[in-house]
Amino acid sequence: MILPDIVEALLLASPEPLDERQLLSLLADEGVDRGELEAALARLRRNCEGRPLELVRVAGGWRYQVRREFSPWVSRLFPEKVGRYSRALLETLAVIAYRQPVTRGDIEAIRGVTVSSQIIRTLEAREWIRVVGHKEVPGRPALYRTTDKFLADFNLEALEQLPPLPADEDKTNTD
Amino acid sequence: MILPDIVEALLLASPEPLDERQLLSLLADEGVDRGELEAALARLRRNCEGRPLELVRVAGGWRYQVRREFSPWVSRLFPEKVGRYSRALLETLAVIAYRQPVTRGDIEAIRGVTVSSQIIRTLEAREWIRVVGHKEVPGRPALYRTTDKFLADFNLEALEQLPPLPADEDKTNTD
Amino acid sequence: MTGAVVAKVRGTPLHEFPENLYIPPDALRVVLEETFEGPLDLLLYLIQRRNLDIMAVSVTEVTEQYLGYIAVMERLRIELAAEYLLMAALLAEIKSRLLLPKPAEEEDAEEDPRAQLVRRLKEYERIKQAAVELDGLPRLGRDLFPVLLTADLPPRTPNLPKVTVDQLADAFRQVLVRAERGRSHAVPRESLSVRARMVRLLESLGHGKPVAFERLFDPGEGRAGLVVTFLALLELCREGRIEVLQREPLAPIQVQLR
């Protein structure tokens, strides 16, 4: 058995992305070191060239996925999942992603409308956001942050990879 | 896009195996015929040679799977939880081991609580106890003994090797 | 705008918002509820329709238009979300300030509501844009699909719990200790609980009517409890406090106070 094959087998069979630390611990008996693992991962990435799947690094680890070009066909497998979200949900998610941690009050101040509990529940059910604490103001409102699963589901490794917000020339946005 | 790539993408992303009929209906817009599909599948099978995954025909259709040779590593992804036996089970087994042959009534008298049939079944399923006869009293209750497998599993050659119980000699001496 | 459906009114698509203030009355509610994400969004639309920069916008003009919408809504008695009315009040205030000469010393007293509004509009515009871009990112389940393969694993021998001989000896010691404890305290405790059970039985028979024999037993108590109840019944019989009746052979047994 050679290392890249074993790593490929692990990543293909894992329901969740696996990061380097997890892979090294799965391969502890074989005494694989980090350098060898990284070389194996690099090789597996190259092996995907010209193939319908790709190996990507997202938040949480490495994941094999079918390339975007094939979504017209693959999405036919999941006709019920349209994957369309309302503007209200996307705007709420955007406020949390770009301004985290935020309370519902913060979201309402930015969007100018009440935040529906349904939207918050949907975002929590998708595990895209979670409560990370409470703001020390009267009522102790919950503070929301996005999760690693949010990043992974949007094909991102870190928050810094989010598309930049349009420039804020006049710096009126304090605090 | 070429047909084998599309079929590969579909099979890699599908949670269930796909048979030829399903694949043809997913590719209806492309006007793929059965011969072309079969050629694509044959090619995909060949492409797997020497790789950690294989394309196999199972009851529901075609599916990619990780080869058996990789199970030593892949099974580490799914560690099995080792259960624990309840105190009631251990005590029942202990009473049978130290006081055999015993009836359920004897076990209940010693432990002071009812013996669940589930426990007796579990112990019989592990082949640690078995019925060796019936007590000649009304109802003719079954008499249980431990088995040779019990001795083997507990690393004993004979019942005499069971740890001696100080309380056995002087039953009132219970500090 | 032309081409894209901006709203549907009873199934008829509207391809653009009518110029000026006229919106078919039926459409107004739909437009406000489904096309705009609130008053900031409506204001942004009014500004962008003129292709203007937020900073350069004539507050007076936008305010006129916004208040115009609100006035139509009120005339049609369409219930408006509170946020729209709040914005109308803010705009009215800004407009009134612009009409009045500004006293110089009030400059820094509080933030100019116009500047505040512009700041909010810009922040909202940024988030609105960010939401569009977020939606444009390749998303798992829509554009990208995770590969999760079945692994061909050999059947596993079930991983049965392990027990050592010491654990077994331990378990038996515990049984013996418990049995011993049970014996030494058995007599006083048992007689006490029979006494108590007799009192309870007398209470439950207190209303004088006969009670079915089985109803006096609670199977949930377990063997010991059932035995205590039975002993209590026998004791009550012996003392002549209760009588046990059976109208004919195999008929239900009944218990009542004597």
Side-chain angles (χ1 to χ4, degrees), chain B residues 9 12-15 17 53-54 56 58 63-71 73-75 77-85 87-95 97-99 107-114 126 128 153-156 161-168 171-175, chain C residues 138-190 193-194 217-231:
Chain B
L12 284 172
S14 174
L53 80 176
E54 61 188 337
V56 292
V58 292
R63 83 167 174 219
Y64 276 108
Q65 65 183 27
V66 176
R67 289 184 198 271
R68 171 77 66 106
E69 299 95 280
F70 293 88
S71 59
W73 295 276
V74 173
S75 57
L77 286 171
F78 313 101
E80 221 180 332
K81 288 182 210 75
V82 183
R84 287 190 49 195
Y85 283 134
R87 215 178 91 182
L89 182 137
L90 288 177
E91 289 186 5
T92 303
L93 179 60
V95 171
Y98 281 92
R99 292 283 184 259
I107 303 168
E108 289 177 2
I110 297 173
R111 291 191 56 231
V113 283
T114 314
R126 283 214 70 167
W128 281 347
D153 285 359
F154 283 80
N155 231 0
L156 301 169
Q161 292 180 343
L162 278 172
L165 296 162
D168 255 357
K171 286 195 176 137
T172 50
N173 176 29
T174 56
D175 64 338
Chain C
R139 195 189 306 158
L140 205 66
R142 186 188 67 180
D143 312 301
L144 304 167
F145 297 88
V147 176
L148 174 56
L149 300 191
T150 315
D152 182 17
L153 298 176
R156 240 194 272 231
T157 44
N159 211 342
L160 295 169
K162 290 184 180 57
V163 186
T164 65
V165 86
D166 288 334
Q167 282 173 291
L168 204 61
D170 234 41
F172 195 58
R173 267 183 220 112
Q174 300 245 333
V175 173
L176 293 178
V177 168
R178 221 173 40 232
E180 203 56 45
R181 216 172 6 221
R183 243 192 304 283
S184 50
H185 297 292
V187 178
R189 206 169 58 190
E190 199 75 347
S193 60
V194 170
F217 292 87
D218 176 13
E221 280 191 306
R223 268 162 62 122
L226 298 178
V227 168
V228 171
T229 303
F230 188 62
L231 288 176

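A, B, ... follow the sequence lines: proteins, then strands. Residue 1 opens every chain. Atom set for the values below is all heavy atoms of this structure, side chains included, hydrogens, waters and symmetry mates excluded.
Contact between C:Asp152 and B:Ser71 at its shortest, heavy atoms only, is O-CB, 3.9 Å. Residues B:Pro163 and C:Val165 come closest through the heavy atom pair CD-CG2, 3.8 Å. A pairwise comparison of heavy atoms in B:Ser75 and C:Leu153 identifies N-CD2, 4.2 Å as the closest pair. The two residues C:Phe172 and B:Val95 have their closest heavy-atom pair at CE1-CA, 3.6 Å. The two residues C:Leu168 and B:Ala94 have their closest heavy-atom pair at O-CB, 3.4 Å.
In terms of heavy-atom pairs under 4.5 Å with chain B, the best-connected choice from C:Thr164, C:Asp166, C:Leu148 is C:Thr164. The most heavy-atom pairs under 4.5 Å with chain C, out of B:Arg84, B:Arg111, B:Arg126, come from B:Arg126.
Contact of B:Ala13 with chain C is made through backbone and side chain together, with heavy-atom distances under 4.5 Å. For a residue to count as touching a neighbouring chain, one of its non-hydrogen atoms must lie under 4.5 Å from one of that chain's; by this rule B:Glu108 touches chain C with the side chain only. Residue contact with chain C, scored on non-hydrogen atoms closer than 4.5 Å, is absent for B:Leu77.
Scored by the side chain to side chain contact (heavy atoms under 4.5 Å, CB included) test, B:Val58 finds B:Pro17, B:Val56, B:Arg63 as partners (sequence neighbours excluded).
Within the 4.5 Å cutoff, side-chain heavy atoms of C:Val163 are placed close to those of B:Trp128.
Taken to the nearest 0.5 Å, the NZ atom of C:Lys162 stands 10.0 Å off from the OH atom of B:Tyr85. Note: C:Arg173 CZ to B:Tyr98 OH = 6.5 Å, rounded to the nearest 0.5 Å.
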